[in-house]
There are 2 protein chains.
Amino acid sequence: MKRDCGFSSSTPNFCALCDARERSVCAELTTEEMKEVSQTMAHLPVKEAQTLIKEGEGSEFLFVVVSGSFRMVRMLEDGRRQIVGFAFPGDYIGMGEAVENDYSVEALEPSLVCRFSQKYLDEMAGRHVGIKDRLIAKGRTELHKAQDHIVILGKHNAEERVMTFLHMLRKQLGGDEIYLSMSRQDIADYLGLRLETLSRTLTKLKKSGDIAKLEGRIVELIPLAESA
Amino acid sequence: MKRDCGFSSSTPNFCALCDARERSVCAELTTEEMKEVSQTMAHLPVKEAQTLIKEGEGSEFLFVVVSGSFRMVRMLEDGRRQIVGFAFPGDYIGMGEAVENDYSVEALEPSLVCRFSQKYLDEMAGRHVGIKDRLIAKGRTELHKAQDHIVILGKHNAEERVMTFLHMLRKQLGGDEIYLSMSRQDIADYLGLRLETLSRTLTKLKKSGDIAKLEGRIVELIPLAESA
DNA sequence: CGAAGTCTTGAATATTATCAATAGGGGTGG
DNA sequence: CCACCCCTATTGATAATATTCAAGACTTCG
């Protein structure tokens, strides 16, 4: 299955996509301010497997994912690969001006991002108080996600890691049926497991009924119990 | 061995301790501004095992570690404990005003912290531009540390995790001889290993010569090779 | 249809967790 | 000052789990 980025190249009221998610830098701006931002902002399609940001380089941009998904990859000295996170619509990508990225960011599928100039954002932050607060809040969110990841990796067995990962995806994406835009290898590198262990664990979870469906990259979880 | 917090209760020019570390919120303030901050700032001793911040509660304070060390503890639903990080002199502790902490912070030894009122800091940030930038930078540092932790946990065997952990401590504390202010259980909960596995791994590393010394909580690493 | 990549499965090995017992160290009270 | 206790850490033996190497199945795309 192939997915497109959900955007036909000349969508008129484009920022509606972002605003709907209400998490982006723009969310608190007035239409007047929005007009100002638009001048240095750009919407870009990103091809599958394309590298948006390279490990070790500085990035003069801050991105917001509009559609699609990304992996954050950190290469270890010995050649192994650790995925330090995934980014989904509404998430921020980018470290801050003049800061060297400690991971690469690569698209998992055809995606769409909103690009801001760090320099301009910084300059504009002087006039609009809320922007820095948003960046601080962004940092907190990222840190929180990283800590959830730490908790997953701290769990000692594969089943728990995989289930927690899937629950995380459900929470992030909404809905019990999940399309995995990342490969098994990506998931394994995220969970600190070998590819084969991950695969085996998924089949086991399917057989034991902990997962309702498992068809390639489509997974369906058991619905959460409603609390009255 | 017991350690004190390196501070006799009425030290005169107290902030020198902080400033020397040049990492705190104050570092960029003028003496004039510093005087202003001092009014809502307090230096506090923290007893060993004392909880500075409780998981699930909001904290109206931001802390900077002056001396000693802390563990950040996250309790899992099933009763297990994950340590999401350690804090050493110069590190920040606290999430931001009106934000629920997702971990508890407990002193590993008699320590000393510098306490700021979040509300006041926020209010003051309106007048002193640099403060918010510091908080953003702080967030980046924390995130970076969390990702280093993720990389450690992603490593598949115990020896690597332990060695990487020790190297991290060397980098943080400086010097090849390291005093471990945390218990074996703390380290195990940080590394996602069982207490016994950690203990065995340490002895193995000592025997194989990957560690120069191992006497209780004192560890000595092999010096790094000099590059000419 | 064939080829390349991705994913699953199998069997043997290695590593870690678990359960249990012992050893070491610090502090307290006789 | 020594004996004792409690807490922390080490060590041992076995079971559970993950890795490794190898082969085969499934997809997707040209």
Side-chain angles (χ1 to χ4, degrees), chain A residues 1-4 47-49 71 78-83 106 108-110 152-163 165 179-208 210-211 213-219, chain B residues 1-4 47-49 71 76 78-83 106 108-110 152-163 165 179-208 211 213-219:
Chain A
M1 188 196 296
K2 257 287 177 67
R3 305 215 150 180
D4 72 342
K47 280 186 286 228
E48 181 173 344
R71 63 173 170 241
D78 58 7
R80 273 176 309 183
R81 199 178 76 139
Q82 175 67 46
I83 291 193
E106 301 160 6
L108 293 168
E109 54 188 327
I152 289 180
L153 290 168
K155 305 214 173 195
H156 298 181
N157 69 73
E159 285 186 38
E160 278 185 304
R161 291 195 201 177
V162 174
M163 282 308 284
F165 171 69
Y179 172 75
L180 303 170
S181 55
M182 63 293 285
S183 72
R184 296 287 195 267
Q185 186 65 64
D186 288 335
I187 301 175
D189 287 347
Y190 179 87
L191 295 180
L193 297 170
R194 306 257 69 146
L195 169 63
E196 301 93 324
T197 307
L198 170 68
S199 185
R200 265 186 262 272
T201 306
L202 282 170
T203 357
K204 197 197 288 183
L205 290 171
K206 163 84 175 305
K207 278 182 189 155
S208 69
D210 293 309
I211 282 177
K213 185 159 71 171
L214 175 65
E215 289 172 10
R217 292 190 171 195
I218 296 178
V219 175
Chain B
M1 186 198 298
K2 258 284 175 69
R3 305 214 152 182
D4 73 341
K47 281 185 285 227
E48 181 173 344
R71 61 174 171 242
L76 309 188
D78 59 7
R80 272 177 309 184
R81 199 177 75 139
Q82 175 67 46
I83 291 194
E106 301 159 6
L108 293 168
E109 53 188 327
I152 290 180
L153 290 168
K155 304 213 174 196
H156 297 180
N157 70 72
E159 283 185 40
E160 278 185 304
R161 291 195 201 177
V162 173
M163 282 308 285
F165 171 70
Y179 172 74
L180 302 170
S181 55
M182 64 294 283
S183 71
R184 296 286 194 267
Q185 186 65 63
D186 289 335
I187 301 175
D189 288 346
Y190 179 87
L191 295 180
L193 298 170
R194 302 257 73 142
L195 169 63
E196 299 94 325
T197 306
L198 169 69
S199 186
R200 266 185 262 271
T201 306
L202 282 171
T203 11
K204 197 196 289 182
L205 290 170
K206 163 84 174 306
K207 278 182 189 156
S208 69
I211 282 177
K213 185 160 70 170
L214 173 66
E215 289 173 10
R217 293 190 169 194
I218 297 177
V219 175

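In what follows, chains carry the letters A, B, and so on, assigned in the order in which the sequence lines appear, proteins first and then strands, with residues in each chain numbered from 1.
For A:E159 against A:L205, the heavy-atom pair with the smallest separation is OE1-CD2, 3.9 Å. Of all heavy-atom pairs between A:M163 and A:D210, the closest is CE-O, 3.6 Å.
In this view, B:R217 satisfies the salt bridge (Lys or Arg N to Asp or Glu O under 4.0 Å) rule with no residue, not counting sequence neighbours. In this structure A:K206 satisfies the side-chain contact (heavy atoms from CB on, under 4.5 Å) test together with A:L214, sequence neighbours excluded. The side-chain hydrogen bond (donor to acceptor under 3.5 Å, both in side chains) search around A:E160 returns A:N157, B:R80, not counting sequence neighbours. Looking at residues two or more places apart in sequence or on another chain, you find a salt bridge (Lys or Arg N to Asp or Glu O under 4.0 Å) between A:R71 and A:E106, A:D186.
In this structure, CD of B:E215 is placed 14 Å from P of C:dG24, rounded to the nearest angstrom. If you take CG of A:L180 and P of C:dT6, they are 15 Å apart, rounded to a whole angstrom. What separates CD of A:E160 from P of C:dA17 is a distance of 12 Å, to the nearest Å. Distance CZ (A:R161) to C1' (D:dT19): 13 Å, rounded to an integer number of Å. To the nearest angstrom, P of C:dC19 lies 14 Å from NE2 of A:H156. Rounded to a whole Å, the CD1 atom of B:I218 is 16 Å from the C1' atom of D:dT8. For A:L153 and D:dA18, the CG to C1' distance is 15 Å, given to the nearest whole Å. D:dT27 atom P lies 20 Å from atom CD of A:Q185, rounded to whole Å.
B:L191 is listed as a side-chain neighbour of B:V162, based on a closest heavy-atom distance under 4.5 Å.
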Just the atom pairs and distances: protein N or O near nucleotides 10-14 of chain D's N or O, under 3.5 Å.
| unit_1 | atom_1 | unit_2 | atom_2 | d |
| --- | --- | --- | --- | --- |
| D:dT10 | OP1 | B:R184 | NH2 | 3.1 |
| D:dT10 | OP2 | B:R184 | NE | 2.9 |
| D:dT10 | OP2 | B:S199 | OG | 2.7 |
| D:dT10 | O5' | B:S199 | OG | 3.0 |
| D:dT11 | OP2 | B:T203 | OG1 | 3.3 |
| D:dG12 | N7 | B:R200 | NH1 | 2.8 |
| D:dG12 | O6 | B:R200 | NH2 | 3.2 |
| D:dA13 | N6 | B:R200 | NH2 | 3.4 |

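Listed pair B:R217 / D:dA9 meets the phosphate criterion, a side-chain N or O lying under 4.0 Å from OP1 or OP2.
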Revision key, fill the gap. Parsed dot-bracket for DNA chain D after applying the Watson-Crick and G-U rules with both distances under 3.5 Å and | for other-strand partners is ||||||||||||||||||||||||||||||

When the side chains of residues 192-201 of chain A are checked against the rest of the protein, which donor-acceptor pairs come out under 3.5 Å, sequence neighbours left out?
| unit_1 | atom_1 | unit_2 | atom_2 | d |
| --- | --- | --- | --- | --- |
| A:T201 | OG1 | A:T197 | O | 2.5 |

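When the nearest nucleotides of DNA chain C are assigned to B:N157 and A:M182 by heavy-atom distance, the more 5′-ward of the two goes with A:M182.
Exactly one residue among B:R81, B:R184, B:Q82 makes a side-chain hydrogen bond (donor to acceptor under 3.5 Å, both in side chains) with B:D189. That residue is B:R81.
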